[in-house]
Amino acid sequence: MTKRSRLERMQRLRGKRKRVYVLVALGTAAVLLAVSGGAAVVLHSARVAESAAPAVPLAAEDTSQTILAKESTSTVPIEVPVLVGMQLAEATHLLTVAGFVVVPVGTPPGEAAPGVVLSQTPSAGERAKAGSTVELVYADPAAVAAAAAGALLPTTAPANGLVVCIDPGHQASANNGQEPVGPGSAQTKAKVTAGATGVVTRQTEHALNLALALKIKERLERYGVTVVMTRSTEAVDISNAQRAQVANEAGADLFLRVHADSNTNADISGISTLYPAGNDWVAPIRAESLKAASVVHAEMIASAGAADRGVKARSDLSGFNWSTVPSVLVEVGFLSNPNDDKQLATAEYQDRLADGIARGVLKYLEVTP
Ligand SMILES: [Zn+2]
């Protein structure tokens, strides 16, 4: 996607945000606020008697979301409740009773039921002051057309014999049992580690990796590519060597490993793509893997607009060393960086990443739309 069309799409998405009107009683003055896209604008103010009903009619576009916030002189932050999984109307009611301002953002529903809340910012358990905004990303069937305009063609293509094995990194629980870092090696590593956790959202890397992998799968299948997943659920126990063997046994044209990064320095952000190199095990797949990594990386960076941390060779990863097919590992951002973490939690950003990664894979496989 070009920068321009990305911008246009974002503008379209913003245009979909419904206005929420909040009447805040401050002593004897009532102030009507219109909140759109996170910015609060004072529309109108009027003097009202303390005991009287609101003098200002709440002529909002969507009356179900019109609310009268209680007077709140307290500045003590309160806990944001769990909203993901609720219907938007229900979540909106809950938040507004608590004094928050709701900013709904529609996104294509995918498998989700229409109206269901898919993510929230701030996340559940975080503390925020009354009057602050809570963004709710919800499944909106009307958002499909907007997304499709900037995404890959939504048609189903005939099978083309190509196979991609996608490995959503990690799993619900780590397995610290050891396995050789490569075939016949005396050196061992943990079978599969726990992965990172979002510094702000507390999202887990294994869940994020799976969500992204499923989005990539769906996009590749539209082009007739057969996708083999190393896992489709969280509660599995599959080591990194075993994951490579799934790709080998599938005869995959590409083994795509999906991960998010983490660093003790919270300032570090951006995207990198890893490929196998530097030992005898991966010598046969090195050149093709680098070719795939380069094109996937370029498309991912272009689509996500994230900081570019480059394409990097790795000789120490079991999931590469056991592979006999071209392999790449995308590190889609740093869960240890607040901005990356928050972005990665949104369906809109995940879609952009999946678009870019899928486009890169298709380019590498020379599949023409
Ligand atoms: Zn990881």
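First listed ligand is number 1; within each ligand, the first listed atom is number 1. Just so you know, these numbers use all the heavy atoms, side chains as well, and skip hydrogens, waters and symmetry mates.
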Peer 1: Does the cation-pi check pass for Arg257 over Phe320, that is, NZ or CZ under 6.0 Å from the six-membered ring centre and within 45° of its axis?
Peer 2: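 Yes; both conditions hold, so Arg257 lies above the ring face of Phe320.
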Peer 1: Does the side chain of Asn263 pick up a donor-acceptor pair with the side chain of Ser336 at under 3.5 Å?
Peer 2: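 On atom types as modelled, these side chains do not qualify, holding no pair under 3.5 Å.
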Peer 1: Going by atom types only, do Asn279 and Ser315 share a side-chain donor-acceptor pair under 3.5 Å?
Peer 2: no
Peer 1: Taking atom types as modelled, is there a side-chain donor on Asp167 or Thr230 under 3.5 Å from an acceptor on the other?
Peer 2: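 Their side chains do contain a donor-acceptor pair, which is all the 3.5 Å distance test asks for.
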Peer 1: Can you check whether Leu220 reaches Ile166 side chain to side chain, under 4.5 Å on heavy atoms?
Peer 2: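 Leu220 vs Ile166: side chains touch.
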Peer 1: Identify every side-chain donor-acceptor pair in residues 305-313 under 3.5 Å, counting partners at least two apart or on other chains, and give the distances.
Peer 2:
from	atom 1	to	atom 2	distance (Å)
Asp308	OD1	His297	NE2	2.7
Asp308	OD1	Gly310	N	2.8

Peer 1: Just to be careful: counting only protein atoms that are N, O or S, how many fall under 2.8 Å of the Zn ion (ligand 1)?
Peer 2: 3
